[in-house]
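Here is the structure we will look at.
We use all heavy atoms of the structure for the numbers below, so side chains are in, but hydrogens, waters and symmetry mates are not.
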Amino acid sequence: MIPTEDIQRRIIELEVEHRDLDAVIDLMSRDVLHDELQLRRLKKRKLQLKDHITLLKMQLIPDVPA
């Protein structure tokens, strides 16, 4: 099993990348001449990051017996 500290560190790294992508997407969408394909790729990557962050956070939650 991956140590909790490693998971938390990875979550922080992914959250930083997610925030950076959000800023880039915001800037690109304001530009009238933006590349639509590139913008779609960035949005898809941002969603992938969000999903990965969610999965990692779920690993940090201990299983509770029913």
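- Cluster membership check: Val24 shares its hydrophobic cluster with Ile53, using side-chain heavy-atom separations under 4.5 Å among Ile, Leu, Val, Met, Phe, Trp and Tyr.
- Residues Ile25 and Leu37 do not share a hydrophobic cluster, defined by chaining ILVMFWY side chains whose heavy atoms lie under 4.5 Å apart.
- Residues satisfying the side-chain hydrogen bond (donor to acceptor under 3.5 Å, both in side chains) criterion with Asp31, sequence neighbours excluded, are absent altogether.
- Sequence neighbours left out, the pairs with a member in residues 48-60 that pass side-chain hydrogen bond (donor to acceptor under 3.5 Å, both in side chains) are Glu15-Lys57.
- In this structure, Leu47 has no side chain to side chain contact (heavy atoms under 4.5 Å, CB included) partners at least two apart in sequence or on a different chain.
- With sequence neighbours excluded, no residue forms a side-chain hydrogen bond (donor to acceptor under 3.5 Å, both in side chains) with Gln8.
- The line from CD1 of Ile7 to CE of Met58 is 12.0 Å long, rounded to the nearest 0.5 Å.
- Summarising the geometry, atom CG belonging to Asp26 is positioned 12.0 Å from atom CG belonging to Leu42; distances are rounded to the nearest 0.5 Å.
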_Working note: Arg19 + Asp22, criterion salt bridge (charged side-chain N to carboxylate O under 4.0 Å, His left out); need CA distance, chi angles, decisive distance, verdict._
CA-CA 5 Å; Arg19 252 191 324 271; Asp22 197 36; over 6 Å; no
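- Sequence neighbours left out, the pairs with a member in residues 33-43 that pass side-chain hydrogen bond (donor to acceptor under 3.5 Å, both in side chains) are His34-Glu36.
- For Arg10, the side-chain hydrogen bond (donor to acceptor under 3.5 Å, both in side chains) partners two or more places apart in sequence, or in a different chain, are Glu13.
- Rounding to the nearest 0.5 angstrom, the gap separating the CG atom in Leu56 from the CD1 atom in Ile12 is 11.5 Å.
- Taking 4.5 Å as the limit, some side-chain heavy atom of Arg45 sits within range of a side-chain heavy atom of Leu49.
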